[in-house]
Amino acid sequence: MSNVGNTLPSNWTLCKLGDVMKLRNGYAFKSKDYSGEGVPLVRISDIKNNVVNIENAAKIPVELVHDGYLIEDGDLLIAMSGATTGKTGVYKGIEKVLQNQRVGNFKIIDENVVSKGYRNYYIMSLRKAIEKAAYGGAQPNIAAKNIDEFPFPLAPLEQQKRIVAKIEELFSHIDAGIAALNKAKQLLKQYRQSVLKAAVTGELTKQWREENKDKLEPASQLLERILKERHQKWEEQQLEQFKAKGKVPKDEGWKEKYKEPFSINPKELEIADGWVLASWDQISNWVTYGFTKPMPHVDEGIPIVTGKNVIGSRIKFENTHKTPIDEYKSLSEKDRPKVGDLLITKDGTIGRAAVVSEDIEFCINQSVAVIWLRSCPINRQYLLALIESDFIQKPIMAKARGVAIQHLSITDFAKLPVPLPSLQEQEEIMQELDKKLEVIARLDRTLDEQLTKAEREKQSILASAFSGRLGAN
């Protein structure tokens with residue numbers, strides 16, 4: 001923006017942001033001070049879609065309120081750290097609310113010089129520039145003094161009002177289109193869930209199953225085989241442990257320690273003809289989670305996968321921390337998933353899942369649960385579809401524990417149902433499901449492209465507005 005001054009109308013002035021408004025940082029309230037009652041505290045997560053939403057805000061007891069950090073109706077707040085640095089939101093309301101640390105509040109020095117609307121749209125136009133200035137460390141972060149140095153094209157007050165009115169007129173048309181696109185995305189999301197439901201309840205392959213019923217292995221036999229192999233795998237592991245300790249079992253008594261997995265009452269849920277109802281406990285060798293101890297980080301080493309790396313049905317290794325190979329080898333086997341295992345996020349944003357499909361050495365921390373499927377022939381993609389369907393998502397959310405941060409109990413998860421068809425039908429389900437999901441994904445990408453285009457149009461309008469080419473006369 002170094003050439004802005006050369007393109008401005010003659011009656012405009014180019015100054016610094018800090019000359020016309022002050023950016024005030026919030027107070028570092030402690031999480032231990034949060035309460036069920038009191039004054040709402042605006043944190044970065046409460047700034048959404050250009051507004052401040054205090055519906056789910058934490059609260060601070062009245063006796064701890066700092067008057068110097070109260071927010072007023074019409075104030076413009078900005079995120080000053082984290083992945084969403086630069087996002088802004090206007091607070092609209094008469095309720096007393098507080099400003100948390102790393103939430104900035106733009107206060108106009110003289111409203112006879114700068115209007116709130118002009119300020120709001122100009123700061124919105126700086127989003128990308130602020131993001132760029134904030135990066136440089138592991139955690140995006142920007143100081144108020146840096147934002148104060150940004151140039152500010154100051155138009156006469158009456159022109160500011162006309163510019164704001166023109167922006168709002170143009171934005172209203174774009175916002176209507178964005179609302180329609182978002183509604184289409186929501187309907188597509190609902191359709192995807194209906195397709196997943198049809199897949200995991202047998203509706204998707206109902207006709208195929210009827211046509212091939214004489215050729216299919218009964219699902220009851222498949223479950224019986226899984227349970228037998230599960231038991232056998234347990235015995236093999238026990239014998240390996242004896243051997244590792246240099247011991248030989250005296251008799252067969254150790255076999256009695258085998259704990260039968262949790263089974264589900266077949267009458268508990270309605271399932272397709274020929275299917276059986278199993279539990280995750282029955283089909284897996286173990287449902288557990290990763291390490292809890294602090295692990296050293298290095299530039300080159302073994303990836304540490306956390307909940308944020310399990311997204312979009314994939315394990316994303318791109319932005320993982322790394323730990324030394326020796327530290328990795330010192331971890332328990334439960335912390336080092338293998339190909340064919342399933343991962344599911346259990347802390348924070350819970351219920352996201354992915355199949356370990358590549359033979360890559362990595363470890364998981366406690367925010368990720370792992371479902372060992374070491375003696376299970378069930379199609380992994382079918383199980384992934386099951387987890388992503390409301391069939392599993394709804395009970396996961398219902399059982400989620402915690403208020404500020406949700407947690408999924410692995411014990412609860414292991415008892416959730418698995419509608420189990422024959423292996424042949426699993427393959428047919430995935431063939432049909434993949435076709436439908438690909439169409440849905442393609443439509444979703446098209447909608448995202450249209451949303452991106454709409455946001456670019458907004459930025460183009462803002463660029464014109466603050467260079468004096470939009471409603472300045």
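Under a 4.0 Å N-O distance rule, the pair Lys338/Asp359 does not qualify as a salt bridge. The existence of a salt bridge linking Asp444 and Lys189 is excluded, since no basic side-chain nitrogen approaches an acidic carboxylate oxygen closer than 4.0 Å. Lys415 has no carboxylate O lying under 4.0 Å from a charged side-chain N of Asp281, or vice versa, which leaves the two without a salt bridge. Look at Arg336 and Glu333 and you find no salt bridge, because none of the NZ, NE, NH1 or NH2 atoms lies under 4.0 Å from a carboxylate O. Using a 4.0 Å cut-off between a side-chain N of Lys or Arg and a carboxylate O of Asp or Glu, Glu203 and Lys197 do not qualify as a salt bridge. Between Glu438 and Lys435 there is no salt bridge, since no side-chain nitrogen of the basic residue lies less than 4.0 Å from a carboxylate oxygen of the acidic one. The existence of a salt bridge linking Asp75 and Lys116 is excluded, since no basic side-chain nitrogen approaches an acidic carboxylate oxygen closer than 4.0 Å. Looking at Glu149 and Lys16, a side-chain N of the basic residue comes within less than 4.0 Å of a carboxylate O on the acidic one, giving a salt bridge.
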Do Ser464 and Ile461 pass the side-chain contact (heavy atoms from CB on, under 4.5 Å) test, and can you show the C-alpha distance, the side-chain angles, and the key distance before you say yes or no?
CA-CA 5 Å; Ser464 295; Ile461 290 168; 5.8 Å; no

CA sep, side-chain torsions, deciding dist, call: Glu427, Asn379, side-chain hydrogen bond (donor to acceptor under 3.5 Å, both in side chains)
CA-CA 7 Å; Glu427 294 294 330; Asn379 187 301; 3.2 Å; yes

Mind running side-chain contact (heavy atoms from CB on, under 4.5 Å) on Lys458 and Ile178 for me, showing each step along the way?
CA-CA 11 Å; Lys458 281 190 168 186; Ile178 289 174; 4.1 Å; yes

Report the C-alpha separation of Lys334 and Ile364 in whole Å, then their side-chain angles, then the decisive distance to 0.1 Å, and conclude whether the side-chain contact (heavy atoms from CB on, under 4.5 Å) test is met.
CA-CA 9 Å; Lys334 76 178 184 66; Ile364 56 172; over 6 Å; no

Carefully, step by step, assess Asn309 and Thr306 under the rule side-chain hydrogen bond (donor to acceptor under 3.5 Å, both in side chains).
CA-CA 6 Å; Asn309 304 119; Thr306 66; 3.2 Å; yes

For Phe362 and Ile304, run side-chain contact (heavy atoms from CB on, under 4.5 Å): C-alpha distance rounded to whole Å, both residues' side-chain angles, the deciding distance at 0.1 Å, then the answer.
CA-CA 6 Å; Phe362 71 95; Ile304 300 173; over 6 Å; no

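The minimum heavy-atom distance between Ile283 and Leu373, with the atom names listed, is O-CD2, 3.7 Å.
By the 4.5 Å heavy-atom criterion applied to side chains, Lys436 and Leu204 are counted as neighbours. Counting heavy atoms from C-beta on, the side chains of Ile344 and Val310 never come closer than 4.5 Å. Residues Pro61 and Glu37 form no side-chain contact, since every pair of their non-hydrogen atoms from C-beta on lies 4.5 Å or further apart. Val90 is not listed as a side-chain neighbour of Asn50, based on a closest heavy-atom distance of 4.5 Å or more. Between Ser467 and Arg469 the shortest side-chain heavy-atom distance falls below 4.5 Å.
The aromatic rings of His321 and His297 sit parallel, their planes meeting at an angle under 30°, below the 60° perpendicular limit.
Shown here is Lys329, whose NZ atom has no more than 12 heavy atoms of other residues, nucleotides or ligands within 6.0 Å. Within a 6.0 Å radius of NZ in Lys293, more than 12 heavy atoms belonging to other residues, nucleotides or ligands are found. More than 12 heavy atoms of other residues, nucleotides or ligands sit less than 6.0 Å from atom CZ of Phe391. Counting non-hydrogen atoms of other residues, nucleotides and ligands closer than 6.0 Å to NZ of Lys308 gives a total of 12 or fewer. Open room surrounds CD1 on Ile94; 12 or fewer heavy atoms of other groups in view lie less than 6.0 Å from it.
For the atom pair CD1 (Ile142) and CD1 (Ile147), the distance works out to 4.5 Å, reported to the nearest 0.5 Å. Between atom CH2 of residue Trp372 and atom CG of residue Asp341 there is a gap of 7.5 Å, rounded to the nearest 0.5 Å. For the atom pair CG of Leu154 and OG1 of Thr13, the computed distance is 5.5 Å after rounding to the nearest 0.5 Å. Atom OH of Tyr27 and atom CG of Leu98 lie 11.0 Å apart (nearest 0.5 Å). In this structure, the separation between CD on Glu55 and NZ on Lys48 is 8.0 Å, given to the nearest 0.5 Å.
For the ring pair (Phe, Tyr, Trp, His ring centres under 6.0 Å) with Phe466, the lone residue among Phe152, Tyr118, Trp12 that qualifies is Tyr118. Checked against Leu77 for a side chain to side chain contact (heavy atoms under 4.5 Å, CB included), the options Asn100, Asn105, Ile123 give a single hit: Asn105. Paired with Glu388 under the rule side chain to side chain contact (heavy atoms under 4.5 Å, CB included), one option of Asp390, Leu384, Leu386, Ile392 passes, and it is Leu384.
Under the 3.5 Å distance criterion, the side-chain polar atoms of Asp46 are left unmatched by any main-chain donor or acceptor of Ile54. Distance alone, capped at 3.5 Å, places no donor-acceptor pair between the Asp434 side chain and the Gln431 backbone.
Remark: the Asn120 side chain and the Thr88 side chain contain no N/O donor-acceptor pair separated by less than 3.5 Å. Ser332 and Asp335 share no donor-acceptor pair across their side chains, judged by distance under 3.5 Å alone.
For an aromatic pair to be called close, the ring centres must be under 6.0 Å apart, and Phe171 with Tyr121 satisfies this. Here the two rings, on Phe106 and Tyr122, have centers that are 6.0 Å apart or farther.
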